[in-house]
Amino acid sequence: METDLRTLARVKEWYGPHSSTAAEWPVDALILAKGTTTISVVLPARDEESTVGDIVRVIRRDLVERAPLVDEILVVDSNSTDATAERAREAGARVVAQNAVLSHLPPLTGKGEALWKGLAATTGDIVVYIDADLRSFGAHYVSGLVGPLLTNSDIHFVKATYERPYVGADGSVQPGGGGRVTELVARPLINLFWPELAGIAQPLGGEYAGRRSVLEAVPFVTEYGVEFGLLVDLLELVGLDAMAQVDLGYRTHTHQSMTALGRMAGQIMLTAWSRLQRQGRVSETPARTMLQFGLEGGADVVDLAVDERPPLASLVLEEDVA
Ligand SMILES: O=c1ccn([C@@H]2O[C@H](COP(=O)(O)OP(=O)(O)O)[C@@H](O)[C@H]2O)c(=O)[nH]1
Ligand SMILES: O=C(O)[C@@H](COP(=O)(O)O)O[C@H]1O[C@H](CO)[C@@H](O)[C@H](O)[C@H]1O
């Protein structure tokens, strides 16, 4: 109990000075603070033809043409089967196919692979990750996230926080109903094993920004383990005081099914477990499959396994040596 109280005091001490809102980071002030710092926005996109174009258009209009804050917009086409790449190009993004980046390496899968390839395919000093399925995107998502990084050299990583309603297929809105895996899996795991991170309200949120030097120094877990893995690994690398969070207001996106989120939850649990093993806190190696039951009866064994890419900097070093 004593430790818990100490940790909670630590989180409370961190929360105030490291939390802000998007409105505190007006674009004109950021342009002045930017100087020669370059900024890349990376959107991982798998079958997001209906939303990716609008997001790219807003970034281009508001943060490239009207105010030169963003230097590069990259959409990572993550094995899409729809017109994601075309919609993104039409809107003005550079598009790379996930498997075409560092193609001499055997391809891995999922969102974490898309983000790591996006880091490798861009050059910005600051990298901003924005999901491509957002329905509530505004330019303040990007300006809010880069604000602390452009104005405070002690900050290396910024996570978004927001209200996350669940929007049903019929358009019904359930306030606070979104972020199901965040609330049911990620935040409990964080509070049990990494309570220093408990002040980060949306640990799985897909909008965040970091200094390239730091993002290239940590591994990227594949699939949907990437956000959880980054938080734990960055806590170890740079510490809580190098992290900040910015309230972007409101986030709506395309929701996945409970079956898909069940797999996501399993991937995040395996990611957490792998970090506990690395930290010598658990020893057993868990199974990596799960039996899932379909709505129409029947059952499938699904593979929850996540892989991970090494820190990009280590790869570049090896290649230099080679
Ligand atoms: O293999 C994948 C899975 C997801 N994504 C992208 O990552 C973001 C978040 O994924 P998703 O919407 O599936 O997760 P959710 O937000 O529902 O948790 C979206 O832009 C997806 O298109 C991706 O690039 N590759
Ligand atoms: O936060 C969550 O619980 C999940 C699911 O959100 P919803 O319950 O569909 O609003 O969404 C996030 O989780 C993924 C895994 O970390 C991220 O990759 C997504 O960007 C994020 O939307």
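By convention here, the first residue in the shown sequence is residue 1. All ligand and atom numbering here is 1-based and tracks the order in the structure.
The cationic group of Arg288 does not satisfy the cation-pi geometry with Trp273, failing either the under 6.0 Å distance to the six-membered ring centre or the 45° limit from the ring axis.
Expressed to the nearest 0.5 Å, how far CD of Gln267 lies from CG of Leu270 amounts to 8.0 Å.
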Practice task
Report the C-alpha distance between Asp300 and Leu291 in whole Å, list the side-chain angles of each, state the deciding distance to 0.1 Å, and finish with yes or no for side-chain contact (heavy atoms from CB on, under 4.5 Å).
Solution key: CA-CA 6 Å; Asp300 287 318; Leu291 187 60; 6.0 Å; no
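Contact shell of ligand 2 (protein heavy atoms, cutoff 4.0 Å): Lys111, Asp131, Arg164, Gly178, Gly179, Arg180, Val181, Thr182, Leu204, Gly206, Tyr224, Glu227, Arg251, His253, His255, Leu261, Met264. A heavy-atom cutoff of 4.0 Å around ligand 1 is satisfied by the protein residues Pro44, Ala45, Arg46, Glu48, Ser78, Gly110, Lys111, Ala114, Asp131, Ala132, Asp133, Tyr224, His253, Thr254, Gln256, Met264.
Legend: residues meeting salt bridge (charged side-chain N to carboxylate O under 4.0 Å, His left out) with Glu113, ordered by chain and number and at least two apart, are Lys117, Arg309.
The main-chain N or O of Ala83 is found under 3.5 Å from a side-chain atom of Glu49 such that the two form a donor-acceptor pair. Not one N or O on the side chain of Asp133 forms a donor-acceptor pair closer than 3.5 Å with the backbone of His253. With hydrogens and angles ignored, the 3.5 Å screen pairs a side-chain donor or acceptor of Ser80 with a backbone N or O of Ala45. Side-chain N or O atoms of Arg61 include none that pairs as donor or acceptor with a backbone N or O of Arg66 at under 3.5 Å.
Pairs of residues two or more places apart, or lying in two chains, that qualify as side-chain hydrogen bond (donor to acceptor under 3.5 Å, both in side chains) and include a residue from residues 197-208 are Tyr162-Glu207, Arg164-Gln202, Glu207-Arg251, Tyr208-Glu227.
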